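The structure appears right after this line, and notes come after that.
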Amino acid sequence: MTFTPTVKKILDYYESDNPGTKANLARILTQGKLGGTGKLIILPVDQGFEHGPARSFAVNPPAYDPHYHYQLAIDAGLSAYAAPLGPLEAGAATFAGQIPTILKVNSSNSWATSIDQAVTGTVDDALRLGCAAIGFTIYPGADQIFDQLEEIREMSAEAKAVGIATVIWSYPRGGNISKAGELALDVGAYAAHIAALAGAHIIKVKLPTDHIEQKEAKPAYEGKDWSSQAERVRHVVQASFNGRRIVVFSGGAAKGADAVYQDARDIRDGGGNGSIIGRNTFQRPREEALAMLDKLVRIYKGEE
Amino acid sequence: MTFTPTVKKILDYYESDNPGTKANLARILTQGKLGGTGKLIILPVDQGFEHGPARSFAVNPPAYDPHYHYQLAIDAGLSAYAAPLGPLEAGAATFAGQIPTILKVNSSNSWATSIDQAVTGTVDDALRLGCAAIGFTIYPGADQIFDQLEEIREMSAEAKAVGIATVIWSYPRGGNISKAGELALDVGAYAAHIAALAGAHIIKVKLPTDHIEQKEAKPAYEGKDWSSQAERVRHVVQASFNGRRIVVFSGGAAKGADAVYQDARDIRDGGGNGSIIGRNTFQRPREEALAMLDKLVRIYKGEE
Amino acid sequence: MTFTPTVKKILDYYESDNPGTKANLARILTQGKLGGTGKLIILPVDQGFEHGPARSFAVNPPAYDPHYHYQLAIDAGLSAYAAPLGPLEAGAATFAGQIPTILKVNSSNSWATSIDQAVTGTVDDALRLGCAAIGFTIYPGADQIFDQLEEIREMSAEAKAVGIATVIWSYPRGGNISKAGELALDVGAYAAHIAALAGAHIIKVKLPTDHIEQKEAKPAYEGKDWSSQAERVRHVVQASFNGRRIVVFSGGAAKGADAVYQDARDIRDGGGNGSIIGRNTFQRPREEALAMLDKLVRIYKGEE
Amino acid sequence: MTFTPTVKKILDYYESDNPGTKANLARILTQGKLGGTGKLIILPVDQGFEHGPARSFAVNPPAYDPHYHYQLAIDAGLSAYAAPLGPLEAGAATFAGQIPTILKVNSSNSWATSIDQAVTGTVDDALRLGCAAIGFTIYPGADQIFDQLEEIREMSAEAKAVGIATVIWSYPRGGNISKAGELALDVGAYAAHIAALAGAHIIKVKLPTDHIEQKEAKPAYEGKDWSSQAERVRHVVQASFNGRRIVVFSGGAAKGADAVYQDARDIRDGGGNGSIIGRNTFQRPREEALAMLDKLVRIYKGEE
Amino acid sequence: MTFTPTVKKILDYYESDNPGTKANLARILTQGKLGGTGKLIILPVDQGFEHGPARSFAVNPPAYDPHYHYQLAIDAGLSAYAAPLGPLEAGAATFAGQIPTILKVNSSNSWATSIDQAVTGTVDDALRLGCAAIGFTIYPGADQIFDQLEEIREMSAEAKAVGIATVIWSYPRGGNISKAGELALDVGAYAAHIAALAGAHIIKVKLPTDHIEQKEAKPAYEGKDWSSQAERVRHVVQASFNGRRIVVFSGGAAKGADAVYQDARDIRDGGGNGSIIGRNTFQRPREEALAMLDKLVRIYKGEE
């Protein structure tokens, strides 16, 4: 396979990584319908931990089966499929080699009494299941953020040594951060920056609003109009080492299809690398989800 | 030995496991009177830790002897015998090879001041005692659930590497869960799902009531009649990767024989894999217990 | 050496242990004047940690010297000598091979602000000092009991692997246990049972009173007269895997000689394996202590 | 390369270090425009963690790119460049061998709820990225200082064994230390001394005021006029093993150029080894920063 | 070298130790002017951590230089020099082989908010710096005493395995101990005993007063006149395994020379092994300190 110039340029940004890790990043960047474009769409299915099975799958019962999601990601031509240990174990052999997988190695649940997650998978699990990357959530702002950063440092170092890439979900929450602040532009850019500083290969953040949360940060944002979502995406990309790190944005709760498409256009126009989109696909009937994903692909290709 | 198609199908679900672990799951699925049916009955004797010796055994004094339980499980043709370290050590050589054993590796007691358990056995113990599996209790909802998930992740990873299967007892308790909620349908399905996500081979939960505990989960359960226990069992099985994981149900406190039989019929009819039944057997005289277990076997075989 | 049938029967109970561990149990069971009888008397000297040197030894100043206790245990023909790290280091070479030693690997002190102990010795220490066993205190009922059980699990597993036996001192205390409850029959039997479940070879508990502490346990004790200390001992033995584990009883604070003798007769008549007796010996003048120990030997031999 | 007598004398002070560690200290002491003088200027860029990307870089947007800082340090002829994991990974190959790098291995952030930092890099990271040293922040006075000292002890021991030097940022804060006290002379000298006691090769502290914070320390400072900043620098150097350890001073928040130059003259005149200067350079336009750094070089050379 | 009978007798007390550890104890016992007498004087310089540099050294500025203390101990013909990591690293090569060194492996500071110390050195550090022993402080009575005992158990075990001796500073403090109680006779004897039980080779305690702190200990001290400091020393020696362990006493805060001499005479007459004397020497001018130390040597030799 010859890499496109775009893929080659992105891989060159990861200048400290060994060939194994670069190869796994390349697997994601060359997979599916967006392969070679530098854009990517990832299917994440960790709602079972977060919200429980019925809230996640009752609306579309075939999704109770872990094979459903593998097949959806493959059939939609996505870049990668991300899930916790159990679901990957349940399909790893059947779908081996058909799509890059990301082992989500920590997880929360609806009853959590602290802003934290349990580490429920390891780099060794990722290796034996043939995963291309591990995924880890940090909560900048939470009392536990130091522990979380130390956990991902250890796991990421171990992963890099054996050629596994690292994806960090960076979700500000807790401490002095207000509810509106969780989605604030300054906070989101800071969250992306922390993930980059901590050594992430791929950064996952939420699409930010134009709210500025931190008083001390206000001067740095003054004098510029932040009403454009694409401009806000551009700032988050800037905060991610000026584009030297892949940044994908999550779609949040299930919502109307048009909103999903507009988000993708803004991510694309702002220079973001793509979407990580879960409930908006697996909570729709399969055919409807495939159609939506196909349209998203075309948006990222600049065809819509 | 040639596996029945049912056993073969179940084993195929564990597609990421090594041959050693599959062999141990097969030992349980082919043992005793239910061997080959895909159904199983497990004898668990961890009441000594939970309630102390007199409350557990005074009603049937021969049960003070660890050999009693081994022999009961063997004579009743059960699928496996589960107990903490000490009792297995006390009979491991005498009964070696006669019945698969499950080392219960964590344990609580009547004086516990937190919703937690101590790790009192290890995978190395399971290996030297010839056990087929380790058993571990988690308390979804408790403040300690993250620690518990991390403990079982470590032990389960170690077990899978050396061919030992993992059984998770998933008992919701603590935090914001009400007393009624501990047995709620949504909570029970969630508990089973968490065990599956965490990589359990065999999931042990309690039979749920038709109470729905979580406000956010109510919409997912509306519009369906949950008064049938068999239907509730079916939902728990669905939540366990749509039947890709073995699910057994516990009988709870000692109760009338008819209730025990009805539970088994509901488990069978709902597609559950069987019962894990302790106090309802070893707290009855041996002959009475053997008769009850024989009838349960016939129920699971569809003969009653 | 040919084992007596009694010793052989006891050793057979430890059916999961390797020959090294059995050999060390055999060393204790064949040592001294009670060698071969299945009964044993152990000299424990950990009062220095618990109460300090003056409260322990001022009444009998030669006892400040660690060699004093080794020599007392040897001259009295006892089964074993138990002490913390420092005192064993101070005499290990002089008395090597003359009496089995038990390294007490955790210790408290008079100023402890939690119901816990520090781990002050290791299995490696036991090996280099030629000890036959390690000794470890747990406090069932205390907030720290889970940690304590996890500590002894690790140390005991390590010990069993290298042929060292495990003695557990099981002393209920803390949490919801009343002062009277610490010596209650139900609590004492439960404490012995927990030690057995945790994998102890030798269990050390206090002689229980006829008080029943736990409301839930009362029914299990009703309808039987517990006024006989021998019967209470018999129940504790029953709770220790129906006699499959060695159980020794501690004498408590220094008291009159007649009370000490009566305790021994009750232990003997109830089927207990012997006494672990410290202050009642080393706080008496040496000749008086030797005479008392000789009489205890004769009681356990059934000669008095 | 032949070392200057000054460099040779400084290296001789590190008499317990292996040749690898000495070679890395030598790399820093012989690098750039100040090479050979015994003076040094270090560019630290960890503001992204501390204050977020916009507050750090919006004023000079090219600085969002990690390559910017590498190039600035090289072009200015500085002694070393210090940054967290991610930025070093992003430029390690491009700039390999062009300037000694210091991996800042712990980091805080604006939302920290304790006076502590997360360990976000390791000695293994420093090795694979070709770093000359690790950098670690301690907060003398904070509740967590004991933990911090234990962390740096472990990392420093590991670093010394593989030839990596240790730089300690020693910033008094928390506990009973008043806001003014954080910059007090006695506190700053104490902070430098703690870093030296803990085994640092290079000590980084803030320039102290003439405030004396600790009542017990007042007598030791009486009878001497501390109004001269150069004299205060001299005392900090004295507290750093009488000059046997390299001490550099940080410039603090961005401020006027004249103040920056005066600080450097005082550091030089008081016998300090140099400056560690971040915001005062990268928050200025590149040409302005280069001019400032060039003037600082000339000051340290005694030319201004 | 032929050992004196006194040295040989002391070494024989350490009967569980390997030849390497005995050799290091012998190095201390044969060093300097008191070599061979069984008495010893140790110079400890850990005041920098405890009180900061100015309070420690401003009164005698040459003492800011770590080489000063090495040279003082050598020139005074002392038995050993004890200091934290940094100062030993700063002189280890220059003074290698000239005097036995003790690496003080834990340290507190003036701002400590708990009664504890940070571990700031390791056995590996002691080995690479050529130290004869490690020194560790415990605070019997403090909430952290269990952790401290577990830390020194681990370090001491590691040290003994590689031939390094262990010195325990045992300083009662915290919990229920009153200020007067910190120096009480019963408390001091208990503190020495705990150090001995924990496996110390050399015990360092403070000279006790005749106050008895613990109500329960009073009977053990009644009927004897404790007004003689020599008698109190004798009791502490008795509590240290009846003289089987080396016990040295600290001089406390700087005080008049006569008081220092009288303390030494009492230590000598009570059978103690010597003094550990810091501030009373390095806070005096060098010549004065040398004269004082020479007189102390003569006292221990029985010449004054």
Side-chain angles (χ1 to χ4, degrees), chain B residues 45-69 83-96 103-125 128-131 144 147 151 283, chain C residues 12-18 138-154 156-157 160-161 172 174-177 185-187 189-201 212 214 216-222 224 235-245:
Chain B
V45 187
D46 51 355
Q47 293 300 321
F49 253 125
E50 295 280 340
H51 296 156
R55 285 175 66 194
S56 301
F57 308 128
V59 65
N60 181 29
Y64 278 109
D65 186 334
H67 282 208
Y68 176 85
H69 305 284
L85 183 68
L88 289 194
E89 287 186 331
T94 299
F95 300 100
L103 177 61
K104 186 71 192 347
V105 291
N106 66 347
S107 308
S108 188
N109 65 61
S110 298
W111 298 298
T113 56
S114 62
I115 301 179
D116 204 357
Q117 301 210 339
V119 175
T120 54
T122 65
V123 173
D124 281 342
D125 290 325
R128 70 177 169 89
L129 296 173
C131 299
Q144 291 82 358
D147 290 339
E151 283 172 341
Q283 291 185 346
Chain C
D12 284 349
Y13 284 152
Y14 296 90
E15 53 181 75
S16 71
D17 282 296
N18 64 23
I138 60 172
Y139 294 121
D143 288 346
Q144 291 82 359
I145 181 63
F146 286 164
D147 289 339
Q148 292 160 8
L149 284 169
E150 297 191 347
E151 283 171 341
I152 185 54
R153 179 208 68 221
E154 283 182 20
S156 179
K160 285 172 184 172
N176 298 316
I177 301 178
L185 176 59
D186 60 320
V187 171
Y190 200 161
H193 192 61
I194 284 177
L197 290 166
H201 295 102
I212 305 295
Q214 301 167 286
E216 301 86 346
K218 290 216 161 104
Y221 288 92
E222 274 166 9
K224 180 158 180 181
H235 176 58
V236 171
V237 170
Q238 187 183 43
S240 302
F241 291 172
N242 214 28
R244 289 179 184 275
R245 293 293 173 262

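Each chain gets a letter, A, B and so on, in the order the sequences are listed, and its residues count up from 1. From a predicted model like this one, the values you see are computed outputs, not experimental measurements.
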For this session: Would you check if the side chain of C:Tyr190 reaches a backbone N or O of B:Ser110 as a donor-acceptor pair within less than 3.5 Å?
Result: yes
Problem set entry | Gap separating the CZ atom of C:Arg244 from the NE2 atom of B:His67, nearest 0.5 angstrom | 3.5 Å
Seminar exercise, completed: For C:Glu15 and B:Ala92 the tightest heavy-atom approach is OE2-N, 3.2 Å
Problem set entry | For C:Phe146, the option from B:Asn106, B:Val119, B:Thr120, B:Asn109 that meets side chain to side chain contact (heavy atoms under 4.5 Å, CB included) | B:Asn109
Exercise. In this structure, are over 12 heavy atoms from other groups packed under 6.0 Å from C:Asn176 atom CG?
Worked result: no
For this session: Could you look at C:Lys160 and say if it's the side chain, the backbone, both or neither that has a heavy atom under 4.5 Å from chain B?
Result: side chain
Exercise. Any side-chain heavy-atom pair from B:Trp111 and C:Ile145 closer than 4.5 angstrom?
Worked result: no
Exercise. If you round to the nearest 0.5 Å, how far is CD of C:Glu150 from OG1 of B:Thr122?
Worked result: 12.0 Å
Problem set entry | Spacing of OG belonging to C:Ser156 relative to CG belonging to B:Asp125, to within rounding of 0.5 Å | 8.0 Å
Exercise. Roughly how far, to the nearest 0.5 Å, is the CG atom of C:Leu149 from the CD atom of B:Gln117?
Worked result: 11.0 Å
Exercise. Side chain, backbone, both or neither: which part of C:Pro172 has a non-hydrogen atom closer than 4.5 Å to chain B?
Worked result: neither
Seminar exercise, completed: Whatever's closer than 4.5 Å to a heavy atom in chain C on B:Phe57 counts as side chain
Exercise. Non-hydrogen atoms of chain C under 4.5 Å away: do they reach the side chain of B:Ala58, the backbone, both or neither?
Worked result: side chain
Problem set entry | chain B contact via C:Tyr14 - side chain, backbone, both or neither, heavy atoms under 4.5 Å | neither
Seminar exercise, completed: Heavy-atom closest pair (C:Ala189 atom, B:Pro53 atom, distance to 0.1 Å) is O-CG, 3.7 Å
Problem set entry | B:Leu85, part contacting chain C, at a heavy-atom distance under 4.5 Å | both
For this session: Between chain B and each of C:Ala157, C:Gly141, C:Ala161, count heavy-atom pairs under 4.5 Å; write down the option with the most.
Result: C:Gly141
Exercise. Heavy-atom distance under 4.5 Å between the side chains of B:Glu89 and C:Arg245, does that happen here?
Worked result: yes
Exercise. Who among C:Ala192, C:Ala195, C:Ala239, C:Gly175 has the most heavy-atom pairs with chain B under 4.5 Å?
Worked result: C:Ala239
For this session: Pick one of side chain, backbone, both or neither for C:Ile152, based on which atoms fall under 4.5 Å of a heavy atom in chain B.
Result: neither
Exercise. Would you call C:Ile194 and B:Phe49 a side-chain contact if the rule is heavy atoms closer than 4.5 Å?
Worked result: yes
For this session: Evaluate the side-chain contact (heavy atoms from CB on, under 4.5 Å) criterion for residues C:His193 and B:Tyr64: first the C-alpha distance (whole Å), next the side-chain angles of each, then the deciding distance (0.1 Å), finally the verdict.
Result: CA-CA 10 Å; C:His193 192 61; B:Tyr64 278 109; 6.0 Å; no
Problem set entry | Segment of C:Gln148 engaging chain B (4.5 angstrom heavy-atom cut-off) | neither
